[in-house]
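Single-structure report; data block below.
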Amino acid sequence: MTALAATTATIGTTAGVPVSWYLLLSALLFAIGTAGALTRRNGISIFLSIELMLNSVNLSLVAYSRLWGDRTGQIVVFFVLAVAAAEAAVGLALFIAIYRQRRTIDVNRMNLMQW
Amino acid sequence: METAVFALFALLAVASAVVVVAHRNPVYATMSLVLTLFSVAVLFVLLGAPFIAALQILIYAGAILVLFLFVIMLLNIQREEAHHSGQAVQRWSAILGAAVFCGMLGMLLWRTHAAADRPLTGPLVSLKGLASELFTDYLLPFEIVGLLLLVAVVAASVVAKRPDAAPEAAVPSGAEPSEITTGAVTRETP
């Protein structure tokens, strides 16, 4: 444990990257994911964009955990991972069911509930 | 050294994220998302969260994206039609909105300049501390997440089940088996 602390302490003292850079990268990834989720029409691509957005939020959570020296951010990332797995499983099953009925997963053609 | 590693993997993450969003073939988009996730995992290690990085590679890149690839190959999705009709306004407004959002957030961060002046300490990166906190203070959310995963697996297998596997499916002889719906649901054929 002390050896681990010593090595990490040396890593910490040579740190040259401000946490705000990580937050900026996270915002950039989130914006890219937002643009993808809004512009794509393939359902799988929209899902991939949503996964990208979730991952950018994870990055900002870990960055804040590093900034404040608190472990809670990493634990929240753990829960976000689990919820993302559940969401992917249910969403992909829904796409399989929709594809069986309509032979497409183009979201522009899923307009049965449109007014 | 750390700055160089950060710059390399940040650039890699952004470039592969753009490929995820822009590529028309979903298989290439998924493989590019794997690259993004690996780059972000490297950044997690830089931030002193090696366990989260391992989880990212194991769960995201190892499980979730393999599920995506299976579904893509199961559905035999061809590439999206390149023909966009009436979608230009939607696309450009979405890109503009994302750019404005990104700019606002960047300006916000530019003004605050949060620096990692705290050195990385042992308790922050130790797996033992993380596990003990997860199983004492966050035990109830942990159990709820386990229940959520169980419900999601059951729901996914129920939703994705073939409808003609239902016992009351009296198949008319002329019907195509994969297009039968249970009950009296009427639907238009594509």
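Letters A, B, ... are given to chains in the order of the sequence lines, protein chains preceding strands, and every chain is numbered from 1.
- Classified by interplanar angle (parallel below 30°, tilted 30° to 60°, perpendicular above 60°), the ring pair B/Phe142/A/Phe78 is parallel.
- Using a distance-only test at 3.5 Å, with no hydrogens or angles considered, a donor-acceptor pair links the side chain of A/Arg100 to the main chain of B/Ala160.
- Residue contact with chain A, scored on non-hydrogen atoms closer than 4.5 Å, involves the backbone and the side chain of B/Val18 alike.
- With chain A as the partner, the residue from B/Ala99, B/Ala10, B/Ala7, B/Ala63 showing the most heavy-atom pairs under 4.5 Å is B/Ala10.
- Cluster annotation: A/Val76 is connected to B/Phe135 through the hydrophobic network of ILVMFWY side chains, with a link wherever side-chain heavy atoms come within less than 4.5 Å.
- Put simply, CG on B/Leu47 and CG on A/Leu61 are 11.5 Å apart, with the number rounded to the nearest 0.5 Å.
- B/Met31 CE: 12 or fewer foreign heavy atoms inside a 6.0 Å radius.
- With a threshold of 4.5 angstrom between heavy atoms, B/Ala22 approaches chain A through N, CA, C or O but not through any side-chain atom.
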message = side chain to side chain contact (heavy atoms under 4.5 Å, CB included), that's the test. Do B/Gln56 and A/Val77 meet it? Break it down for me.
response = CA-CA 10 Å; B/Gln56 165 111 336; A/Val77 168; over 6 Å; no
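- Counting heavy-atom pairs closer than 4.5 Å to chain B, the top residue among A/Ile75, A/Leu81, A/Leu38 is A/Ile75.
- Interface summary for chain B: among A/Phe95, A/Phe30, A/Tyr22, the most heavy-atom pairs under 4.5 angstrom belong to A/Tyr22.
- Residue B/Leu149 comes nearest to A/Ala82 through the heavy atom pair CD2-O, 3.6 Å, listed as atom of the first residue, atom of the second, then distance.
- The residue among A/Leu52, A/Ile105, A/Thr34 with the most heavy atom pairs within less than 4.5 Å of chain B is A/Leu52.
- Clustering ILVMFWY residues whenever any of their side-chain heavy atoms sit less than 4.5 angstrom apart, transitively, puts B/Leu130 in the very cluster that holds A/Val80.
- If you tally non-hydrogen atom pairs under 4.5 Å between each of B/Ile59, B/Val20, B/Leu148, B/Val14 and chain A, the highest count goes to B/Val14.
- With rounding to the nearest 0.5 Å, the separation of OG in A/Ser45 from CD1 in B/Ile72 is 7.5 Å.
- With hydrophobic clusters built from ILVMFWY side chains whose heavy atoms lie under 4.5 angstrom apart, B/Leu11 does not share a cluster with A/Leu23.
- Across A/Ala97, A/Ser49, A/Ala85, the residue that shares the most heavy-atom pairs under 4.5 angstrom with chain B is A/Ala85.
- Heavy atoms closer than 4.5 Å to chain B are found in both the backbone and the side chain of A/Leu94.
- When side chains are defined from C-beta on, B/Thr30 does not count as touching A/Phe47, because their heavy atoms never get closer than 4.5 Å.
- Side-chain contact between B/Glu133 and A/Thr72 is present, with heavy atoms from C-beta onward closer than 4.5 Å.
- No chain of hydrophobic side-chain contacts below 4.5 Å, direct or via other Ile, Leu, Val, Met, Phe, Trp or Tyr residues, connects B/Leu150 to B/Leu139.
- Each of A/Asn58, A/Asn55, A/Ile96 has some count of heavy-atom pairs under 4.5 Å with chain B, and the biggest count is that of A/Asn55.
- Annotation: the span from A/Arg40 atom CZ to B/Arg24 atom CZ amounts to 6.0 Å, rounded to 0.5 Å.
- Of the atoms belonging to B/Val71, it is side-chain heavy atoms, and not backbone ones, that fall under 4.5 Å from chain A.
- Looking at A/Ala37, there are no atoms closer than 4.5 Å to chain B (heavy atoms on both sides), in backbone or side chain.
- Rounded to the nearest 0.5 angstrom, B/Ile64 CD1 and A/Leu48 CG are separated by 11.0 Å.
- The CZ atom of A/Arg71 sits 12.0 Å away from atom CZ of B/Phe51, with the distance rounded to the nearest 0.5 Å.
- When heavy atoms are compared at a cutoff of 4.5 Å, B/Leu96 does not approach chain A at all.
- The shortest non-hydrogen separation linking A/Ala93 to B/Val159 is O-CG1, 3.6 Å.
- A/Ala89 approaches B/Leu67 most closely through the heavy-atom pair CA-CD2, 4.0 Å.
- Transitive grouping of hydrophobic side chains (ILVMFWY, heavy atoms separated by less than 4.5 Å) keeps B/Val19 and B/Leu8 in distinct clusters.
- For A/Glu51, the parts sitting under 4.5 Å from any heavy atom of chain B are the backbone and the side chain alike.
- Counting heavy-atom pairs under 4.5 Å between each of A/Ile44, A/Leu92, A/Val83 and chain B puts A/Leu92 at the top.
- Residue B/Leu33 touches chain A through its side chain alone, counting heavy-atom pairs closer than 4.5 Å.
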task = Determine, step by step, whether A/Val90 and B/Val151 satisfy the side chain to side chain contact (heavy atoms under 4.5 Å, CB included) criterion, reporting the C-alpha distance in whole Å, the side-chain angles of both residues, the deciding distance to 0.1 Å, and the verdict.
result = CA-CA 10 Å; A/Val90 175; B/Val151 170; over 6 Å; no
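- Heavy atoms of B/Ile144 lying under 4.5 Å from chain A are absent altogether.
- Both the backbone and the side chain of B/Tyr138 come within contact range of chain A, with heavy atoms under 4.5 Å apart.
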